[in-house]
Amino acid sequence: MIKIAIPTGRVQKDAIKVLKSAGVPTNNLEKASRELSIDEDNFRFFLAKPMDVPLYVYYGTTDLALAGSDVLMEVSVNLLELADTGLGQCRLVVAGPWSLKSRFDGHEKELMWLRVATKYPNIAERHFASKGVRVEIIKLHGSVELAPQLNIADCIVDITQTGKTLEANDLIVLEEVCPVSLKLVSRRYGSASYWRECLNITEGIKNQVRRSKDV
């Protein structure tokens, strides 16, 4: 039985869609309401919080997982990336009020000791450290865009797709951290039969990505 972890929330539908396009049976998965473990044919699916998904694979609970590249960067465990699905695309950015733009356009020293609110403390710390800048990281679990208005932080590091949520909260993109998309990942070790199954799913996803690019 192949076990696959799927993130709940923003990319859950994309994850199910890409598995279905790769020939994985997803009828029970699509009908699931409150179930967190769903069996179908030779597959068992686990629905998990996005930040937990990489750990399901790393500790061997599942064989495969679909996870956003933002989550993989934040959790930073040793997994094998098998395919980029091209779905769930967005950007991880530093955003803040317009008044901060001149500081980001100037010398890096102007950014020292900014207060940065984020759900991605590890990514945020590495991003500013790569500039030689020390900042105060404030971890929040939701409504990060409110942090500058509430004087909790000067700016934020968060994902954005259209920029409308940022705009609605009087924030602008100050700089881009990295693009984000949904990735298929696996643990690095397994039996020959395990790898045959995994590679079949991987090739199915890669073929679907190629077809979508040709359209």
Side-chain angles (χ1 to χ4, degrees), residues 5 7 9-11 48-59 65-167 169-188:
R10 184 180 70 88
V11 294
K49 292 286 187 183
M51 286 293 179
D52 294 339
V53 165
L55 299 176
Y56 276 48
V57 188
Y58 182 72
Y59 288 109
L66 285 154
S69 54
D70 55 332
V71 170
L72 295 171
M73 287 175 63
E74 176 63 23
V75 178
S76 193
V77 290
N78 188 22
L79 299 176
L80 187 64
E81 182 183 317
L82 298 177
D84 185 341
T85 71
L87 299 176
Q89 292 187 355
C90 57
R91 297 177 296 153
L92 193 59
V93 302
V94 181
W98 179 265
S99 59
L100 277 184
K101 189 175 187 305
S102 61
R103 291 176 67 175
F104 277 83
D105 289 344
H107 194 275
E108 280 85 356
K109 68 179 182 180
E110 298 293 327
L111 306 179
M112 289 291 284
W113 299 115
L114 282 174
R115 288 175 297 149
V116 183
T118 185
K119 291 180 284 188
Y120 304 95
N122 295 325
I123 293 174
E125 187 169 0
R126 288 196 299 266
H127 175 72
F128 284 99
S130 71
K131 300 170 172 291
V133 173
R134 296 187 69 179
V135 296
E136 181 184 352
I137 304 293
I138 300 164
K139 184 175 180 180
L140 297 180
H141 297 277
S143 302
V144 176
E145 297 86 357
L146 285 174
Q149 291 182 41
L150 301 176
N151 202 33
I152 294 171
D154 300 301
C155 60
I156 67 172
V157 171
D158 203 10
I159 56 171
T160 182
Q161 196 162 25
T162 64
K164 290 181 179 178
T165 303
L166 295 179
E167 185 179 345
N169 288 281
D170 297 321
L171 303 176
I172 63 168
V173 173
L174 296 167
E175 58 186 18
E176 186 163 330
V177 178
C178 63
V180 172
S181 60
L182 187 65
K183 305 288 184 81
L184 178 72
V185 295
S186 75
R187 52 192 168 91
R188 290 187 173 273

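Since we're looking at a predicted model, the values are computed, not measured.
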Heavy-atom neighbours of R134 CZ exceed 12 at 6.0 Å = no
The residue among E175, E110, E108 that forms salt bridge (charged side-chain N to carboxylate O under 4.0 Å, His left out) with K131 is E175
Exactly one of V135, L174, L92 clears side-chain contact (heavy atoms from CB on, under 4.5 Å) with V157, and that residue is L92
Shortest non-hydrogen pair, H141 vs K119, comes out as O-CD, 3.9 Å
Heavy atoms of V53 and A65 approach each other most closely as CG1-CB, 3.5 Å
**Study point:** Pair D170, Q149: side-chain N/O donor-acceptor within cut-off below 3.5 Å
**Key:** no
Do D154 and P148 come close enough that some side-chain heavy atom pair is under 4.5 Å? no
- prompt: Around Y58, counting heavy atoms of other residues, nucleotides and ligands shown, do more than 12 lie under 6.0 Å from its OH?
  reply: no
On a heavy-atom basis, the closest approach of M51 and V75 is O-CG2, 3.5 Å
query: Is the backbone N or O of L79 less than 3.5 Å from a side-chain atom of R188, with the two atoms forming a donor-acceptor pair by type?
result: yes
Checking T165, L166, V180 against T160 for side-chain contact (heavy atoms from CB on, under 4.5 Å), the one that qualifies is L166
Shortest non-hydrogen pair, G88 vs V11, comes out as CA-CG1, 4.1 Å
Closest non-hydrogen contact found for C155 with L100 is CB-CD1, 3.8 Å
Heavy-atom nearest pair, S130 first then H127, reads OG-O, 2.5 Å
Review point. Under 3.5 Å, side chain of R126 to main-chain N/O of M73, donor-acceptor pair present?
Key: yes
